[in-house]
*Asks:* 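Okay, here's the structure, questions in a sec.
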Amino acid sequence: MREMEETVSRVISELEDVRGNPQPPPLSEQTLTDLQILLNHCLSECLYDELSSKTLSPSSLVPPIASAMDSSPPHHSLLASDVFLSLLLAPNAPVFTLFTPISFLSFLRSLRRSCKTHSGPQDNSQNRKRKRAGRSWAKNPQNDDDSPGSGSQHDPRMLLRVLEKLVRVMDLIHLDRFPETLKSLIQTVVEIPVTSPDTSGNTAQYSKLLSLCSHVLKEVLKSEHGEPSNTAAEVLKSLCSLLLMAKSQARTFALGFVTSLSNECDGVKKALVNFPRYLAKKSPEKAEPRALAVDSIMEVVRVMQIEDQIAFVKFVVQMAQGKSNLRLLAVDLILNLVSSLKDPLGVESEDSEAWGIWCLEALVKRCSDVNAMIRARAVTNLAQLVGLLSRGDRTSVVLKKFLGFGKVGDRNDEGGINDMLRKRCMDDKAAVRKAALLLVTNLTSLLGGAIDKVVLKTMAMACSDPLITMRKAAIAALSEAFRTFSAETVITEWLHSVPRLIADNESSIQEECENVFQELVLERISRPASATSSNSESSSRKMKRKGIGNEMEILFRNGILYLLREICNGEVSPWVKKICSNLGKKKRMNHKIVTALQNIIRASESIWLNNSMPIEKWTAPPGAWFLLSEVSTFLSKAVDWEFLHHHWKLLDKHKVEGELKSPFVQRNAFAEEENIECNHVAWASDRVFLLQTISNVSVELPPEPAADLAHNLLKRVEGFNMHSTEVDAHLKALKTLCKRKASNLDEAEALVLKWVQQVLSKASRIIEKFISDNSEQNAEGSFFTPPRSGTRKGRKSIVMSKSFSKAVTAIYTIGSLVIVCPSADMSNLVPLLHTIITSGSSSPNINKLPGPSASLQQEAPSFYIQGWLAMGKLCLADGKLAKNYIPLFVQELEKSKSAALRNNIVVMMADFCVRYTALVDCYITKITRCLLDPCELVRRQTFILLSRLLQRDYVKWRGVLFLRFLLSLVDKSEKIRQLADFLFGNILKVKSPLLAYNSFVEAVFVLNDCHVHNGHRESQGSPKESQIFSIRGTDEESRSKRMHIYVSLLKQMAPEHLLATFAKLCAEILAAASDGMLNLEDATGQSVLQDAFQILGCKEIRIPSTRASSESADVEEDGGENGSAARGKAITQAVKKGLIQNTVPIFIELKRLLETKNSPLIGSLMECLRIILKDYKNEIDDILIADKQLQKELIYDIKKYEAAKAKAKVAEVVGTKPKSGSNQSPDVSKILTKTQGQTVGQNKYNNDPPSDSRVASAMADAAAAATARSVLREINKGTGTPPLSSLSVPKLKSCTGMGNSKDARRMSVIQSLRKKQSFDSDEEN
């Protein structure tokens, strides 16, 4: 007891020391400890008694304690806070005397400082992940902002004790009278979970801290502290920052507290209902914080009543029409609302409202938003909702009806879902196109594959997109369509788009291509076809003949037959071969595919025979033999030899019994009887693929059948009665069988060489006999004047003779034998082939050679072409021969009138370039002439072959090669233009990024065929060639073609190259023109200068400020830009400004020169200068700072030019408008409306159309001019003024209320006559 008395005396003593001090010093730590001891032992009454005895009131305790809470070290301050709350909680304490708003604010400040003491630099705590969460507060003793140097720390348990007491104090005090204090309390408590995660020491203590904060906030919501709705609104506003933080315990605390308010009173619930709207408006634009806001909003919405949820849905739908950040947030919210809340489409209950339809409507509208990021998010979210809602039967029905697929015609209407898909699949932004493909994929699953044809075509085009992610998305979308719906259109687009990606540079795309081909083609064919057996015979006997095709379709469903037919398409088969080769090398081929293909062929033959059809007219399903020939290379053991032998005898028998005509011209003899064509092309191709299959499995053949087959094949080859497509297959199979028959490699080569020489000997005799017969017939006909022809019994045309057919086959066989056996002796054939290829030459030396007197080029063109092909193959095998004959090939390429021959020579020259690069390099410029060949096939073939050589570096981009390739960008053929766009836009942009920049200015001179520049006199070949490879002319078509080429090159340049190109154009063309180096008297020089003006004024050469951000939006959704991007943007802007400062003087000097010459190019110059300076309206003062008078003149000239341009446009409209009367001027108002409409329509293309005021001014001038011309015309005719009596007097009405008196009527007339119309011009105004 004595100790307690001493404690009280120490406290009283210190209080007496500070008596009367308006700013008392803080109580010492010992005094605070003594006070806490007294209060803990319930001795507060003794303390108050001693205070009374010393004439001290209880309120005298508060100022020094508040001073200690404000200015002491954190541990001291927190101790003072503990004492302050203990005073309030003491029994019989005078709460209203002790509690003051000022002291309570001091307590709150102490609480904040205590939490921030050991939390470290909290400014970045919301943006960085905490790597030290849960560590002890004692590891950061130095972070005391208020009291640096204080080395002691407070116990975390003391903070918990203070918060516990604060919860109890809230029941004693009423803060409704102190709203600012209440607001400060709320903010302080909300900050505690963020600022003190380390202070709590461990996880358990931190959880208890969060629980205490929650209790304090719950106490605040009581009515004693104010209106609950207002208080709850303040609490929720303070918690908003926590909800938008990165995921942490503080955010979890805030979410838990907010959602727990759903069980509070009505006032709190009202604030809770409005809180999601507040969060939506406060949502940041960046992607990650926006996602957190959406998640927080949804957590709150889930605990709301259904009526409040629907009200919020309406708010979100309205928000989807607001500003861009709100539209973007609404798009994300709609996805979460529909996917999280119950029964969005109202299918579970008749009384429920289908609010999900409102959301879908808003989402579809945002799919066409002007903001690319919003479009991408809207399309992506719509795709996710389609995938989600299509899982249920009832929801899928409602979804189909909403999307317009309930009726057949709805989905193709303008503005429907398919119309939107078409536009989004062709969107400028890659992110939107990718999202559209995802939407198409999900719609395919919903609709069972019923896809719009235009959308399907657009998906196919996306497989060639430059972005890897786009190509992957296109593969997935098309494959899903193929997987779901086996329509012919889907199969066709898939086969023409996906397999070709096996040649893609990205390995992952190649693997995906192999996977989907194996799944959708090989496994699709294997499943039903493997199950097909001879049981199909019983199900087909009752079918009519006309139902054979239907029966096959029934037997092999899912479009298998159509799939096989399209696989052997010429544009698809090369990629199918590559895919099968890759799958075979990886040992991913399954023997089931071989069994399936054999069953398909057997079933087709069986159905044909069961319908009593002649077997010689049967052909296997197209593509079956082709696919079997490809897979048999890796599955030779799975192929049945009896099956191959049976069909080989069947096909060979048909050929032997048939006539010796080419299968391409022979017709069906039974077409009238059965109405079915016997396709001999199919028979020939079947034989080719069958032979390839036999050669693939020859290793597995028994020796005796292999020898018999080889003998049979050799006999067929020596007959020279096959089509050329069969010759190569026979020779390849023969070579393979010889290797199988021989015991070693040397014996096999000797055996091959033996029969090759035998076939060559027979082929040469047939060719020699044909040439001699042709010479004799020509000599015989030359004795008649005129030569005999056209008689009924005249000789037959040599082209239709059998000897001609055999000769053509023989000479083709010679070329094929060179490829099969290059080591064979061909010396005897060279003079023979030389005679053939020189028969069309008019050279006197060549005419002396022995040979036909008439040209084989005219008499037998196909034989003549095959002679060149055979000679080309000989040159590939013999380098010395190639050195002598390559000039002859080039000569024939230049003079030949046969497109087929020119096409074949281009192919041979490409092969020579690979084999003999040095020999062909000097002829590349002559080969490039074929880029302008009259035949489209030759142009396309030349472009493709040269492009391949350039990619493989056999040919270099030097000289005129690049400049000549530019003309392919404006070729007449759309296919060639597409190839050129792909070459320049994809391949060269990566392989040679500087090519377009380095050759741009030279291209301007070459395309205009301009040779009047002193600095550009490089030899570009002969004048005739330079004129051919130019687009010279000032007509609209030539200018548009050149501009298309310029724009295509500018699109391939990096921003720094665009700036450099701008500078080069100004220096080498504009400055050269002003200095006299470019002759402006010449038409080509004027054309070059006009092109330069158009290029400098086009949008492609400018670097918009939003270019970087728009490109980044294609890949990522990021609302801001980092520091490096901002610095790069500033540097680019500075460089552009400096460039303009150097350019304007050149323009001014050139303007003066053109004005002295009265050149028509002054208009182009002013238009270009107006466009350039339009982006620098604010900087024009700095650019022209040296010459203010020049600045005024330039601005005046630009305005004058715009006014003249507007007047010219209006005058054109006035001149074309028909007159309504003899003396009436044009209706200005109507013309003005029309002109304004044109201006609005042209706003998309014109950068700065004339303003309405200028158009109106020009209209008034035009109308006045028309009236003046009308008056002068009447005066010149000598027409006198008509008498007054003949003039019509206007009727004047009296004003209302004036009565009928004469004075009133007279005054009305006088007033009306005093009114006059003002005709002041706009310049005077």
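Computed from a predicted model, the values in this text were never measured in an experiment.
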*Asks:* Side chain to side chain contact (heavy atoms under 4.5 Å, CB included) for Trp648 and Asn712? Distances and angles first, verdict last.
*Replies:* CA-CA 11 Å; Trp648 170 248; Asn712 191 3; 3.5 Å; yes
*Asks:* If the plane angle is over 60° it's perpendicular, under 30° parallel, otherwise tilted; pick one for His647 and Trp618.
*Replies:* tilted
*Asks:* Mind checking whether Phe517 and Trp575 have side chains closer than 4.5 Å, heavy atoms only?
*Replies:* no
*Asks:* Look at the rings of Tyr864 and Trp868 and say which category their plane angle falls in: under 30° parallel, 30 to 60° tilted, over 60° perpendicular.
*Replies:* perpendicular
*Asks:* Only pairs at least two apart or in different chains count here, so list each salt bridge (Lys or Arg N to Asp or Glu O under 4.0 Å) that has a residue in residues 744-765.
*Replies:* Glu718-Lys762
*Asks:* Can you give me the closest heavy-atom contact between Leu501 and Gln510, atom names plus distance?
*Replies:* O-CG, 4.1 Å
*Asks:* To the nearest 0.5 Å, what is the distance between CZ (Arg565) and OG1 (Thr492)?
*Replies:* 9.0 Å
*Asks:* Hey, is the main chain of Leu760 close enough, under 3.5 Å, to the side chain of Ser764 for a donor-acceptor pair?
*Replies:* yes
*Asks:* Tell me which pairs pass ring pair (Phe, Tyr, Trp, His ring centres under 6.0 Å) where either residue lies in residues 490-512, with sequence neighbours left out.
*Replies:* Phe482-Trp494
*Asks:* Given side chain to side chain contact (heavy atoms under 4.5 Å, CB included), test Phe720 with Ser805 step by step and report yes or no.
*Replies:* CA-CA 8 Å; Phe720 301 106; Ser805 178; over 6 Å; no
*Asks:* Ignoring hydrogens and geometry, is there a side-chain-to-backbone donor-acceptor pair from Ser479 to Ala476 under 3.5 Å?
*Replies:* no
*Asks:* Roughly how far, to the nearest 0.5 Å, is OG1 of Thr633 from NZ of Lys585?
*Replies:* 11.0 Å
*Asks:* Does the side chain of Trp755 reach to within under 4.5 Å of the side chain of Cys738, using non-hydrogen atoms?
*Replies:* yes
*Asks:* So, Glu514 and Arg588, do they make that salt bridge, N to O below 4.0 Å?
*Replies:* yes
*Asks:* Okay, side chain of His730, backbone of Glu726: is any donor-acceptor separation there less than 3.5 Å?
*Replies:* yes
*Asks:* Kindly compute the distance separating CG (Asn696) from CD (Gln692), expressed to the nearest 0.5 Å.
*Replies:* 5.5 Å
*Asks:* Specify the closest pair of heavy atoms between Asn590 and Leu635, including all atoms of both residues, with the distance to one decimal.
*Replies:* O-CD1, 3.4 Å
*Asks:* Does the Ser761 side chain pair with the main chain of Gln757, one donor and one acceptor, at a distance under 3.5 Å?
*Replies:* no
*Asks:* Could you check if a side-chain atom of Leu650 sits within less than 4.5 angstrom of a side-chain atom of Glu605, using non-hydrogen atoms only?
*Replies:* yes
*Asks:* Looking at Arg952 and Arg948, would you say the former's side chain and the latter's main chain have a donor-acceptor pair under 3.5 Å?
*Replies:* no
*Asks:* Mind listing the closest non-hydrogen atom pair of Ala460 and Glu493 along with its distance?
*Replies:* CB-OE1, 3.2 Å
*Asks:* Does any part of the side chain of Ile525, heavy atoms only, come nearer than 4.5 Å to the side chain of Leu627, both counted from C-beta?
*Replies:* yes
*Asks:* Give the minimum heavy-atom separation between Ser816 and Val727, together with the two atoms involved.
*Replies:* OG-CG1, 4.2 Å
*Asks:* For residues Val576 and Phe626, report the shortest heavy-atom separation together with the two atoms involved.
*Replies:* CG1-CE2, 4.1 Å
*Asks:* After noting the C-alpha distance and the side-chain angles of Ser862 and Phe804, does the key distance pass the side chain to side chain contact (heavy atoms under 4.5 Å, CB included) rule?
*Replies:* CA-CA 10 Å; Ser862 59; Phe804 168 75; 2.9 Å; yes
*Asks:* Any donor-acceptor pair under 3.5 Å linking the side chain of Thr917 with the backbone of Cys913?
*Replies:* yes
*Asks:* Quick one: do Arg602 and Asp640 make a salt bridge, cutoff under 4.0 Å?
*Replies:* yes
*Asks:* So do the side chains of Asp728 and Lys732 get within less than 4.5 Å of each other, counting heavy atoms only?
*Replies:* no
*Asks:* Measuring from atom OG1 of Thr693 to atom CZ of Phe643, what distance do you get when rounded to the nearest 0.5 angstrom?
*Replies:* 8.5 Å
*Asks:* Check whether any side-chain heavy atom of Leu563 sits under 4.5 Å from a side-chain heavy atom of Leu520, and report yes or no.
*Replies:* no
*Asks:* Checking Ser604 side chain against Ile600 main chain: does a donor-acceptor pair fall under 3.5 Å?
*Replies:* no
*Asks:* Take Leu829 and Val818 through the test side chain to side chain contact (heavy atoms under 4.5 Å, CB included) and record every step on the way to the result.
*Replies:* CA-CA 11 Å; Leu829 296 173; Val818 175; over 6 Å; no
*Asks:* Roughly how far, to the nearest 0.5 Å, is CD1 of Ile475 from SG of Cys463?
*Replies:* 6.0 Å
*Asks:* Whether the Tyr916 and Asp911 side chains hold a donor-acceptor pair (N or O, under 3.5 Å, no angle test) is what I'd like checked.
*Replies:* no
*Asks:* Would you say Asp953 has more than 12 foreign heavy atoms packed within less than 6.0 Å of its CG?
*Replies:* yes
*Asks:* Would you confirm whether Lys472, through its side chain, and Ile509, through its main-chain N or O, come within 3.5 Å as a donor-acceptor pair?
*Replies:* no
*Asks:* Could you tell me if the side chain of Cys821 sits less than 4.5 Å from the side chain of Leu753, heavy atoms only?
*Replies:* yes
*Asks:* To the nearest 0.5 angstrom, please state how far the CD1 atom of Ile814 sits from the CG atom of Leu869.
*Replies:* 12.5 Å
*Asks:* Would you name the heavy atoms of Ala733 and Leu713 that are closest together and state the gap between them?
*Replies:* CB-CD1, 3.7 Å
*Asks:* Would you find a donor on one side and an acceptor on the other, under 3.5 Å apart, between the side chain of Asp878 and the backbone of Leu874?
*Replies:* no
*Asks:* Salt bridge or not between Glu480 and Arg483? Use side-chain N to carboxylate O under 4.0 Å.
*Replies:* yes
*Asks:* Within a 6.0 Å radius of atom NE2 on His711, are there more than 12 heavy atoms belonging to other residues, nucleotides or ligands?
*Replies:* no
*Asks:* Find out whether Leu817 and Lys873 are in side-chain contact, i.e. whether some heavy atom of one side chain is under 4.5 Å from a heavy atom of the other.
*Replies:* no
*Asks:* Taking the side chain from Thr809 and the backbone from Met722, do they hold a donor-acceptor pair closer than 3.5 Å?
*Replies:* yes
*Asks:* Cation-pi between Lys586 and Phe634: NZ/CZ under 6.0 Å from ring centre and within 45° of the ring axis?
*Replies:* no
